[in-house]
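Here the structure is laid out as structure tokens; the discussion comes afterwards.
In what follows, residues are counted from 1 in the order of the sequence shown. Both ligands and their constituent atoms are indexed starting at 1 by order of listing.
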Amino acid sequence: MSAKLIDGKAVAAAVRADCKKRVQSLQDRYGRTPGLAVIMVGDNPASEVYVRNKIGACRDVGIRSEKLLYPADVSQAEVIERIEALGSDPNTDGILVQLPLPKSFDIKTVLGAINAAKDVDGFHLYNVGGLVIGDTVFPPCTPYGVMCLLENENIEVAGANAVVVGASNIVGKPMALMLMQREATVSVCHARTRDLAEFTKLADILVVAAGQPNLITAPMVKEGATVIDVGINRLPNGKLVGDCDFAGVREKASYLTPVPGGVGPMTVTMLLVNTISSAERTLSQAPQEPTAEALRA
Ligand code: NDP
């Protein structure tokens, strides 16, 4: 068997085309463009690339974005003050703090300062809680993108054995909760899992987000499984690879995401979706100016 490769770029392009329409419809209906504020502290080169991609993606679909760049020695209080101001700015629908923050910052306090109704990354405790009880306002972008890929391929989640390798707050844990919400039977593995293969071999859906090249090899995969490789690793020779032995796993799985070109393009795309959804929610709840017709009545 050679797995069908899930084309994240194509799915992302289709979702972005829909985003463009939703932005246009908000402009036509309410005369307002959705807005995203991206806060970056310090000059981490990887973060710079991610922020550039996010700003570019916003521009492509018509979202207004602003990048707020602070030097690494800025005080946490100053950044929080700005986050709070953005929280009450009626033209800002999404606030994102690019991680990592400098070591002197307390991430929990900074993320907690984001207005939960604009927390498009879904990392605020309120939104994490929403995810736990199955009432998510902003699903975290990477696992949201994975769910979108599974849905696009019509892969049955309910009743499936799903195994998530990696238990971080931004990928593994929310991924497990989303799969559980869709009625999969979920196991979560991490670096202290004793026999990883014992779990992965049971998976109908295997999501790998560990950041370890070649962690998952063909013998660890159930014949015909769906394998979603979230990992992004740069090898010493410069090549970008996921967490799976791509060639080997491809011969065993029925679906597989490539790296690059699988989950990666979906992550930024779901940020656009969350920002637009936020604007739609706010604007549909806002008291509207009466139309000329209503004034005549
Ligand atoms: P973290 O480093 O925060 O978490 C890694 C997780 O993997 C931890 O839970 C860790 O276990 C677990 N782990 C590490 N080694 C092993 C192992 N040998 N066996 C089993 N589990 C292991 O990473 P992130 O969650 O932020 O990211 C994971 C990967 O996904 C990275 O490669 C990252 O670049 C990529 N990524 C890709 C995105 C995309 O858009 N495609 C977006 C975000 C991340 P423990 O908890 O015990 O330490």
Side-chain angles (χ1 to χ4, degrees), residues 5-9 11-12 15-16 44-54 56-57 96-101 107-108 111 120-123 128 131 138-150 162-179 186-203 206-217 219-221 227-236 238-246 249 256-274:
L5 296 186
I6 299 179
D7 186 349
K9 268 196 211 160
V11 180
V15 177
R16 287 185 195 200
N44 179 321
S47 294
E48 273 169 28
V49 174
Y50 294 140
V51 168
R52 200 180 319 131
N53 286 345
K54 288 169 187 174
L96 180 157
V97 176
Q98 184 65 42
L99 300 177
L101 287 168
I107 294 185
K108 249 204 277 181
L111 296 182
V120 283
D121 254 345
F123 296 159
V128 175
L131 197 60
F138 294 110
C141 300
T142 301
Y144 191 11
V146 172
M147 295 311 291
C148 188
L149 291 177
L150 293 174
V163 175
V164 180
V165 180
S168 71
N169 290 338
I170 64 166
V171 188
K173 284 183 200 161
M175 184 77 255
L177 287 164
M178 280 184 209
L179 288 162
V186 183
S187 308
V188 183
C189 302
H190 45 78
R192 301 289 298 272
T193 298
R194 262 187 241 133
D195 184 349
L196 186 60
E198 197 182 337
F199 289 90
T200 58
K201 276 192 285 196
L202 294 176
L206 177 60
V207 182
V208 193
Q212 304 286 332
N214 270 319
L215 179 66
I216 304 297
T217 55
M220 300 169 77
V221 174
V227 181
I228 307 289
D229 193 347
V230 181
I232 304 178
N233 308 287
R234 177 85 58 190
L235 297 181
K239 197 176 169 212
L240 215 55
V241 297
D243 289 351
C244 296
D245 162 25
F246 181 78
V249 170
L256 176 62
T257 56
V259 179
V263 177
M266 295 303 291
T267 296
V268 176
T269 302
M270 302 328 275
L271 172 69
L272 306 176
V273 171
N274 276 347

Flag the pair Leu196 / Ile216 as yes when at least one side-chain heavy-atom distance between them is below 4.5 Å, and no otherwise.
yes
Quick one: nearest non-hydrogen protein atom to atom 31 (C) of ligand 1, plus distance?
Gly211 CA, 3.7 Å
Thr257 OG1 to Leu150 CG distance, which is reported to the nearest 0.5 Å
9.5 Å
Find all atoms of ligand 1 within a distance of less than 4.0 Å from any non-hydrogen atom belonging to Val171, and give their numbers and elements.
25 (O), 43 (C), 44 (C)
Distance from atom 39 (C) of ligand 1 to nearest protein heavy atom, with residue and atom:
Thr267 OG1, 3.6 Å
For ligand 1, which atoms, with element, lie under 4.0 Å from some heavy atom of Gly166?
6 (C), 7 (O), 9 (O), 12 (C)
Does Val221 offer a backbone N or O that forms a donor-acceptor pair with the side chain of Thr200 under 3.5 Å?
no
Could you find the nearest protein heavy atom to atom 42 (C) of ligand 1 and give me its residue, atom name and distance?
Thr142 OG1, 3.3 Å
Which heavy atom of the protein is the closest neighbour of atom 7 (O) of ligand 1, given with residue, atom name and distance?
Ala210 CA, 3.3 Å
Just need the protein heavy atom nearest to atom 26 (O) of ligand 1, so name the residue and atom and give the distance.
Ile170 CD1, 3.6 Å
Is Gly172 close enough to touch ligand 1? Criterion: a residue heavy atom under 4.0 Å from a ligand atom.
no
Provide the number and element of each atom of ligand 1 under 4.0 Å from a heavy atom of Gly264.
40 (O), 41 (N)
Minimum non-hydrogen distance to atom 11 (O) of ligand 1, winning option of Cys189, Pro143, Ala191, Cys141:
Ala191
Can you check whether Val171's main-chain N or O pairs, donor with acceptor, with Ser168's side chain at less than 3.5 Å?
yes
In ligand 1, which numbered atoms sit nearer than 4.0 Å to a non-hydrogen atom of Ser168?
3 (O), 4 (O), 9 (O), 24 (P), 25 (O)
Given Thr193, Ile232, Leu196, which one has a non-hydrogen atom that is nearest to atom 33 (C) of ligand 1?
Ile232
Does Thr142 reach the side chain of Met266, with side-chain heavy atoms less than 4.5 Å apart?
no
Is there side-chain contact between Ile228 and Ile6, with at least one heavy-atom pair below 4.5 Å?
yes
Check each heavy atom of His190 against ligand 1 and say whether those closer than 4.0 Å belong to the side chain, the backbone, both or neither.
both
For atom 9 (O) of ligand 1, which of Pro140, Ala46, Gly8, Ala167 has the closest heavy atom?
Ala167
Could you check if a side-chain atom of Pro139 sits within less than 4.5 angstrom of a side-chain atom of Pro174, using non-hydrogen atoms only?
no
From the options Val230, Leu215, Asn233, select the one whose nearest heavy atom is closest to atom 19 (N) of ligand 1.
Leu215
Under 3.5 Å, side chain of Asn274 to main-chain N/O of Asp121, donor-acceptor pair present?
no
What protein heavy atom sits nearest atom 28 (C) of ligand 1, and how far off is it?
Ala209 O, 3.4 Å
Under 4.0 Å from a heavy atom of Val165: which atoms of ligand 1 are those, numbered in the order shown and with their elements?
20 (C), 21 (N)
Any sub-3.5 Å donor-acceptor pair from Asp243's side-chain atoms to Leu215's backbone N or O?
no
Got Asn214 and Asp245 here, is their nearest side-chain heavy-atom distance under 4.5 Å?
yes
Passes side-chain contact (heavy atoms from CB on, under 4.5 Å), Leu5 versus Phe246? Steps please.
CA-CA 11 Å; Leu5 296 186; Phe246 181 78; 3.7 Å; yes
